[in-house]
K.L.:
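One structure follows; several queries about it will come next.
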Amino acid sequence: MVDKKPYVVIIAEKPKAGKKIAEAFGKYFQLSYRNVKYWKASFNGEQIVIVTAAGHLYGLHGASGFPVYDMSWEPLWKIDKKAYYTKKYMDLINYVAGNAKFFVNACDYDIEGSVIGYLIIDKLRGIANAKRMKINALTKEEILRAYSNLQPLDLTMVDAGIARHKVDWLWGINVSRALMLSVKKVSGKRVILSAGRVQSPTLLQVVNREMERYLHLPLPEFKVKVKVEIKGRVFDAPLEGRFNVLSEAKELAERLKRDVLFVERVSVDKTRLVRPPPFNLIDLQLEAGRLFGFSPYKVERLAEELYLDGLISYPRTNSQKIPPTVNVREIVEGVSRGPLGYLVSLLNKLTHGRYVVRQGEKDDPAHPAIYPTQYFGSRLPRDQYKLYELIVRRFLASMSVDAWIERQSVALRFKRSGLKLSLSLQEVVEKGWLEIYPYVKVKDEALLEVKEGEEVNVKGISVITSLSKPPQRFSKTTLLKWMESSNLGTEATRGRIIETLFERKYVKLSGKSIVPTKLGIVIAEVLDKFFGELTDVKMTADMEQKLNDIIYGKTNSEEVVKEMREKIAKYVEVFDSNKEKIGEKIAKGLGYLQYQKCKYCDFEAENGGLCRYHLNAMEKVKEGINEWTIRTGYPRDRVIKSLEKSKYTGKFVLDVVKEMM
DNA sequence: GCAAGGTC
Ligand SMILES: [Zn+2]
């Protein structure tokens with residue numbers, strides 16, 4: 001039931017936030033309209049109705065065809081089947097809006113929250129009289145403070161958000177359609193292809209990494225290894241410095257065999273191993289990936305379920321901080337009554353009941369770090385429970401005590417030659433937080449009792465050869481980390497966008513490693529050549545700069561979008577005159593067109609029956625064999641044999657090497 | 001149908 005008397009309508013971003021806002025006003029009624037909750041409350045005698053969105057209720061939509069430069073905001077439920085559930089939220093808002101005195105946008109205080117609330121209000125009756133609530137934390141005090149200090153709508157934030165949506169839409173839709181169109185043109189086939197500001201640089205990262213591996217030619221390096229025995233323990237210590245030339249290393253080893261080794265200096269220092277801050281989403285994704293093998297997307301989904309079950313706080317946060325408004329003691333007491341109560345006993349033993357949360361560096365405009373609530377209901381499915389336990393352990397560890405380790409450094413020196421080597425040992429003397437969060441491997445061994453000047457028993461001196469390694473492939477987790485460090489995507493989207501690359505069949509899994517497919521490689525080539533800007537992380541950085549300029553009033557979305565349209569139009573021109581060429585390339589990658597294959601692989605032959613990569617490999621092998629000969633003095637056939645045997649030798653290099661045997 | 005961004 002809605003009152004006849006006009007009331008203030010507060011719009012929250014999501015149901016959980018709406019409820020907290022209602023609770024802050026003290027007495028409130030929870031109502032429901034077609035299964036969507038809303039609340040009635042009052043403040044200083046004024047009636048308030050609180051309704052909620054469910055994230056974005058509007059999305060950009062444009063005509064079909066290519067290129068497309070015009071788009072408009074439409075209800076998401078109309079333009080996206082998967083978003084049909086948003087209709088009921090919109091219906092409720094329409095239902096209560098008629099009698100609204102004015103609207104308050106109380107969505108998350110970030111750029112998207114500003115847009116979500118703005119669009120709803122603007123579509124209802126325009127933004128005149130509308131207000132913005134700047135809630136920094138969903139606590140009673142903070143909510144009431146924000147409501148007592150209603151601000152005008154933050155229109156420059158809104159405008160920045162609109163620019164972000166439009167720029168991404170223009171690039172994403174146009175370049176995706178260009179790719180699909182080119183394939184259709186040459187093969188008549190329809191296939192879903194895509195490109196975008198976040199996914200394309202990520203794809204290129206995977207492709208480039210794989211190419212580096214394919215073309216890796218390992219080179220040898222040499223070290224002199226000294227095996228020493230001290231107090232009955234044997235250590236392998238490499239001599240400082242490496243050699244590129246084998247004979248030099250061998251000569252040195254011979255000289256040292258006639259030398260005497262003694263302890264020059266021993267030092268021990270006690271250092272602190274600082275307890276970790278509580279989780280933000282990416283740290284949780286990285287740890288759950290490392291410990292349980294969960295994909296980033298899976299972690300985000302599991303965390304969302306825990307959040308909706310009321311077991312943890314909001315998970316899509318970048319913050320590693322717990323503000324003083326979070327009642328830590330109450331939460332710890334709650335945890336002590338649940339299945340992980342024994343961890344609280346451990347915590348109390350370590351802290352004597354004094355909890356100081358270690359605050360991390362990273363912050364979030366709308367949410368604190370992830371923490372468990374004081375509630376624990378029924379049994380959880382296995383994977384959810386694993387994640388829950390990890391979150392609890394991390395939260396409790398963050399308020400426990402630092403660990404202490406003793407580091408010992410034993411500097412050894414050869415009497416005659418003066419050459420040095422050193423042994424590093426460490427012992428954990430106080431485990432501290434490691435008892436609660438035992439997932440971090442810390443070296444822990446007894447220190448040595450040695451005196452300076454003491455002679456050391458040398459058990460052997462030898463030359464070890466090591467080959468340079470190719471860079472590692474990405475896993476979903478390490479790729480996520482790369483995206484975050486490159487400032488690509490958000491908490492909610494990174495994991496999802498990695499999955500998109502799989503859906504498009506641009507990449508596939510090989511064990512836990514991500515490898516590009518032939519299609520992924522040609523798409524990367526085409527994007528790099530014809531839509532270069534879109535494949536560069538710099539595009540995101542530049543855009544962020546422009547969004548900031550909008551927020552500070554130096555420009556506006558209209559200007560920024562116009563500039564982008566013009567830029568894209570130029571790319572479209574180049575695309576149009578290369579459409580067949582591009583289409584053929586992709587269609588070959590898809591196996592839709594016949595072509596002359598490389599002698600060794602499935603890529604197109606360019607010269608002498610070889611693809612560009614194998615041509616490149618030929619050059620590398622020529623240079624590499626020379627370098628090996630200089631370094632090792634090996635005859636040519638031994639070099640080739642060594643390359644053929646090494647697991648570090650790249651696939652394409654190996655193809656060429658095998659031919660030489 | 002395609003983006004990236006919210007949230008379910
Ligand atoms: Zn080839």
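A, B, ... follow the sequence lines: proteins, then strands. Residue 1 opens every chain. Heavy-atom basis, side chains included; hydrogens, waters and symmetry copies ignored.
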K.L.:
So among A:Lys298, A:Lys386, A:Glu287, which one has a side-chain contact (heavy atoms from CB on, under 4.5 Å) with A:Phe292?
P.N.:
A:Lys386
K.L.:
So does A:Ser194 get a side-chain nitrogen or oxygen closer than 4.0 Å to the phosphate oxygens (OP1/OP2) of B:dA3?
P.N.:
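For B:dA3, OP1/OP2 do have a side-chain N/O of A:Ser194 under 4.0 Å.
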K.L.:
Look at the side chain of A:Asp159 and the backbone N and O of A:Leu155, then say whether any donor-acceptor pair between them is shorter than 3.5 Å.
P.N.:
no
K.L.:
Is there a side-chain contact between A:Lys78 and A:Lys87 in this structure, where contact means two heavy atoms from C-beta onward sitting under 4.5 Å apart?
P.N.:
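Heavy-atom side-chain distance check fails, nothing below 4.5 Å.
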K.L.:
Looking across every strand, which nucleic acid part, if any, lies under 4.0 Å from A:Arg504 by heavy atom: base, sugar-phosphate, or nothing?
P.N.:
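Result for A:Arg504 = sugar-phosphate.
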K.L.:
Start at the 5' end of DNA chain B and walk down; is the nucleotide closest to A:Ser176 or to A:Ile497 reached first?
P.N.:
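It is A:Ser176 whose nearest nucleotide is closer to the 5' end.
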K.L.:
Checking all strands, does A:Arg316 fall into the base, sugar-phosphate, or nothing category for heavy-atom contacts under 4.0 angstrom?
P.N.:
base
K.L.:
May I ask you to list the residues of residues 479-490 of chain A, by number, that have any heavy atom positioned under 4.0 Å from an atom of DNA chain B?
P.N.:
A:Gly489, A:Thr490
K.L.:
Using a heavy-atom cut-off of under 4.0 Å over every strand shown, decide if A:Leu308 touches base, sugar-phosphate, or nothing.
P.N.:
sugar-phosphate
K.L.:
For A:Asn174, which contact category applies under a 4.0 Å heavy-atom criterion: base, sugar-phosphate, or nothing?
P.N.:
nothing
K.L.:
Please figure out whether A:Tyr307 or A:Glu112 has its closest DNA chain B nucleotide nearer the 5' end.
P.N.:
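Its nearest nucleotide lies further toward 5', so the answer is A:Glu112.
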K.L.:
Heavy atom of residues 538-554 of chain A under 4.0 Å from DNA chain B: which residues?
P.N.:
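Contacting residues: none.
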K.L.:
Has A:Lys476 got its NZ or CZ under 6.0 Å from the middle of the six-membered ring of A:Phe502, at an angle within 45 degrees of the ring axis?
P.N.:
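Judged by the rule, A:Lys476 and A:Phe502 form a cation-pi pair.
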